[in-house]
Number of protein chains: 2
Amino acid sequence: MTEAVERLTKKSEDSSRWYLELVRMAKLADYGPVRGTFAIRPYGFAIWERIQADLDARFKATGHVNAYFPLLIPESYLTKEAEHVEGFAPECAWVTVGGDDELEERLAIRPTSESIICDFYRKWIHSYRDLPVLINQWCNVLRWEMVTRPFLRTAEFLWQEGHTVHATAEEAREEALRMLNVYRDCFYEVLAIPVLTGMKSPSERFAGAVETFTCEGLMGDGRALQAATSHDLGQNFARAFDITFLDENQERVHPYQTSWGFSTRTIGALILVHGDDRGLRLPPKLAPTQAVVVPIWRGKNKGEVRREAEALHRELAEAGLRAEADLDEEHSPGWKFNEHELRGVPVRVELGPKDIEKGQAVLVRRDTGEKEFVGRGAAARRLVELMDEIQQNMLRQAEAFRDENTRRAETYEEFKEIIEEKRGFVVAPWDGTEETEQRIKEETKATIRLLPFEREEGKDLVSGRPGKTAVFARAY
Amino acid sequence: MTEAVERLTKKSEDSSRWYLELVRMAKLADYGPVRGTFAIRPYGFAIWERIQADLDARFKATGHVNAYFPLLIPESYLTKEAEHVEGFAPECAWVTVGGDDELEERLAIRPTSESIICDFYRKWIHSYRDLPVLINQWCNVLRWEMVTRPFLRTAEFLWQEGHTVHATAEEAREEALRMLNVYRDCFYEVLAIPVLTGMKSPSERFAGAVETFTCEGLMGDGRALQAATSHDLGQNFARAFDITFLDENQERVHPYQTSWGFSTRTIGALILVHGDDRGLRLPPKLAPTQAVVVPIWRGKNKGEVRREAEALHRELAEAGLRAEADLDEEHSPGWKFNEHELRGVPVRVELGPKDIEKGQAVLVRRDTGEKEFVGRGAAARRLVELMDEIQQNMLRQAEAFRDENTRRAETYEEFKEIIEEKRGFVVAPWDGTEETEQRIKEETKATIRLLPFEREEGKDLVSGRPGKTAVFARAY
């Protein structure tokens with residue numbers, strides 16, 4: 001038997017190294033030959049597929065349809081909206097040769113698709129009867145990043161980008177908020193990540209937006225991560241791309257737009273929020289395998305234990321669980337325990353000769369490590385219940401962590417101390433100027449993660465001027 | 001009321017123009033700014049989503065998992081397999097600039113992913129215990145085509161590409177055939193396209209394959225279309241990319257591979273096989289809308305008819321049908337009939353004041369044009385049945401067309417006459433030489449579409465040498 005189990009660095013010792021090792025050891029992703037590109041391996045992709053299915057159903061339930069737009073964007077399109085080009089042009093990959101020919105105009109691989117989609121919308125939208133347009137696209141995008149990390153920051157990544165068009169500013173604002181809430185619900189209910197929601201400060205807005213709404217998660221190391229954003233684009237793109245429609249009064253006017261995106265970056269958040277020294281912890285709703293049966297056999301009883309493990313596996317599958325039985329004969333039960341903990345399987349089901357004799361099985365929860373004995377006949381039913389309990393408990397654990405690590409600062413000294421020593425979210429008034437925002441960033445590396453929807457008044461810790469609540473943190 | 005219905009060119013008059021008009025008028029796709037790129041509009045994409053869901057379930061049922069590999073492939077990777085680079089390098093789009101920097105090596109946007117996936121497989125595969133690898137990827141690919149047509153031949157298109165690795169040649173061959181059959185089943189059962197299956201002649205093989213299996217469909221204009229292919233790659237790529245594994249005898253050997261792909265091109269096939277002078281005809285399994293309720297009202301009874309139409313719509317939706325009610329007040333019923341026929345909705349449900357009085361509804365089938373009166377209470381049940389009947393009937397219609405247009409040629413004169421005047425598939429012996437294949441192509445524009453799995457012996461019509469059955473046609 002091969003017993004050389006590779007040791008995972010402890011999260012508390014070196015969380016950055018822990019993260020990279022875990023991504024590799026759990027076979028979530030692997031490095032591609034081009035800087036910043038990655039393959040998402042089947043185990044990682046199975047998680048993404050479940051997130052996709054959940055979000056896609058939520059999009060459709062809110063009236064959206066899917067479509068697909070071209071990958072290649074002529075440079076002249078990107079430059080039509082001034083802020084947009086400034087934000088994205090420096091990080092594009094450019095196609096300059098097609099077949100054997102030099103191209104007359106460079107083509108960007110889409111870093112995001114507002115510019116090319118607006119060109120289609122210009123052709124498709126003529127009258128108020130054509131509105132609203134509620135289209136989403138699942139696709140790959142590419143940004144030429146200098147420093148990359150699997151899932152968290154990659155040159156190419158997968159995402160969905162919604163692009164909607166509305167007759168009025170109010171409808172566009174409602175849509176942007178509706179989709180922010182769709183994201184929040186998915187984070188809470190499926191990823192078990194209790195994100196905070198709010199607005200970005202102007203300096204952190206999406207290039208070309210009039211307002212950016214954000215979901216901010218708190219990672220296990222106390223740093224924040226922007227997990228998904230929804231933008232109210234106002235009429236900026238409609239003006240730049242000359243999208244107009246005849247309104248009910250037969251006047252030709254510009255419509256209002258939104259865009260919103262959710263990417264494979266969230267898999268990084270999932271790892272960072274829930275992972276521990278033993279490896280991944282996956283919420284049952286996303287776990288490719290929800291329960292793994294590990295038979296514990298010795299030479300003489302192997303046949304019987306294997307048969308029982310297979311029978312139990314079938315029962316679990318019939319009960320609708322994503323179950324597997326680890327019948328490998330090369331590795332010991334202990335090795336398998338480690339392996340499935342590393343992979344974040346929510347429950348391990350141990351089954352040995354004694355258990356068979358007693359008509360029981362042993363359930364071991366990944367979220368708490370708790371062991372529970374259950375009658376063999378009740379195992380499937382209990383596991384179905386446990387999936388719900390674990391899903392709920394993981395959210396509660398993450399909420400408790402977030403709440404413990406959200407602190408008010410009364411003075412700038414205190415602010416700096418928290419950021420330096422404890423990290424987490426720091427709540428403090430901000431006077432609304434880029435000047436103080438910038439100074440805080442330079443002096444503490446903390447940025448404004450969001451402006452809450454309900455903001456209290458107070459005195460800015462840096463300038464002493466009147467301000468309103470902002471949430472700061474060091475971020476990924 | 002606006003009654004200006006745009007007229008669709010007749011399929012029999014000019015099938016090429018008919019095709020382009022239909023794609024535009026049914027809002028399936030639209031031209032992008034870069035040559036050969038297209039947006040797949042929501043109505044077209046909804047068809048693709050259903051094909052995807054069906055195929056994906058079949059892949060998973062045969063043990064495959066999904067993953068995602070990088071878009072960008074270094075030029076040196078493409079050149080590792082000699083035939084492969086010859087086949088694909090001339091039609092690549094090349095990234096030469098990233099951010100502000102000229103790249104040292106050009107990067108191809110994947111035209112297909114064998115080369116980059118092999119690089120990962122080299123790292124992932126070590127022992128016979130790692131085999132088989134059964135991975136599929138859904139993604140976009142790009143080939144710099146000179147002449148393009150929406151869906152049928154586009155620079156960028158969407159597809160799935162399966163890439164599997166096996167310990168033995170036999171297993172790889174079995175896998176390639178298994179996936180060919182998965183495709184065939186999907187064509188028959190879902191797209192209602194009775195494809196022929198067989199092998200490609202060596203000159204038509206995928207660049208780098210030892211055998212290419214193909215599904216060939218016969219389009220409504222008598223031309224063939226290669227609808228999906230499955231390749232036995234032998235050890236060609238494993239050798240070129242140095243993929244090896246320790247077999248059960250502890251010997252280091254090269255594994256055997258397959259790849260197989262199915263693309264948005266099939267939407268073009270769907271249009272060409274089933275479409276008619278009135279527009280699309282969609283098989284119920286793929287139709288975004290399976291039944292549309294069209295109320296027929298006049299001023300005084302509008303309220304009642306509308307209410308009844310809405311109620312019927314709800315009933316149909318509850319019965320599991322993808323139904324819609326066209327309650328638009330701008331257009332006449334006649335305009336709507338044309339519109340939904342153009343969109344290929346399988347059944348139109350007419351509901352007027354007389355029908356309400358008589359407690360009935362009128363069902364009009366898109367596949368046959370037949371009208372059927374049905375008691376109001378039985379409408380949903382009858383429609384569910386009809387979906388099956390229409391699905392079956394469309395396949396039968398297409399089979400009849402294919403059989404009527406599959407002819408044996410006894411002499412080369414006859415062969416040329418059929419190809420020139422009737423088109424369709426021509427079955428004739430082929431002596432297996434590239435010389436005769438090439439001569440037939442030059443003289444008749446017909447190519448060998450496939451070599452059937454069961455081949456009869458006979459005399460080659462051109463050379464007079466002994467040959468075996470091949471199926472020829474002019475192709476898209």
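As the structure is a computational prediction, the values presented were derived from the model and not from experiment.
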In terms of heavy-atom proximity below 4.5 Å to chain A, should B:L72 be classed as side chain, backbone, both, or neither?
both
Mind checking ring-ring contact (aromatic ring centres under 6.0 Å, His included) for A:F241 and listing every partner two or more places apart, or none if nothing turns up?
none
With sequence neighbours left out, what residues match B:A26 under side-chain contact (heavy atoms from CB on, under 4.5 Å)?
B:L22, B:L28, B:L280
Most heavy-atom pairs under 4.5 Å with chain B, out of A:L158, A:L107, A:I116, A:V65, belong to A:L158
Please find the pair of heavy atoms, one from A:G32 and one from B:P70, that lie closest to each other, and give the distance.
CA-CG, 4.4 Å
Per-residue contact mode, B:F38 against chain A (heavy atom under 4.5 angstrom)
backbone
Part of B:P90 lying under 4.5 Å from any heavy atom of chain A
backbone
Top residue by heavy-atom pair count (under 4.5 Å) with chain B, among A:I109, A:L142, A:I135?
A:I109
For chain B, the option from A:P33, A:A93, A:A155, A:C92 that forms the most heavy-atom pairs under 4.5 Å:
A:P33
Report which part of B:L71 has an atom under 4.5 Å of a heavy atom belonging to chain A: side chain, backbone, both, or neither.
both
Part of B:I117 within contact of chain A (heavy atom distance under 4.5 Å)
neither
Short donor-acceptor contacts under 3.5 Å linking chain A with chain B:
residue	atom	partner	partner atom	Å
A:D30	OD2	B:K123	NZ	3.2
A:D30	OD2	B:W124	NE1	2.8
A:Y31	O	B:K123	NZ	3.0
A:I40	N	B:Y68	O	2.7
A:I40	O	B:Y68	N	3.0
A:E49	OE2	B:K60	NZ	2.8
A:E49	OE2	B:N66	ND2	2.7
A:K60	NZ	B:E49	OE2	2.8
A:N66	ND2	B:E49	OE2	2.7
A:Y68	N	B:I40	O	3.0
A:Y68	O	B:I40	N	2.7
A:Y68	OH	B:N140	ND2	3.2
A:Y68	OH	B:E156	OE2	2.4
A:L71	N	B:E156	OE1	2.8
A:C92	O	B:G99	N	2.7
A:W94	N	B:V97	O	2.7
A:W94	O	B:T96	N	3.1
A:T96	N	B:W94	O	3.2
A:T96	OG1	B:T96	OG1	2.6
A:V97	O	B:W94	N	2.7
A:G99	N	B:C92	O	2.7
A:K123	NZ	B:D30	OD2	3.2
A:K123	NZ	B:Y31	O	3.0
A:W124	NE1	B:D30	OD2	2.8
A:R129	NE	B:E330	OE1	3.4
A:N140	OD1	B:N140	ND2	3.2
A:N140	ND2	B:Y68	OH	3.2
A:N140	ND2	B:N140	OD1	3.2
A:E156	OE1	B:L71	N	2.8
A:E156	OE2	B:Y68	OH	2.4
A:E330	OE1	B:R129	NE	3.4

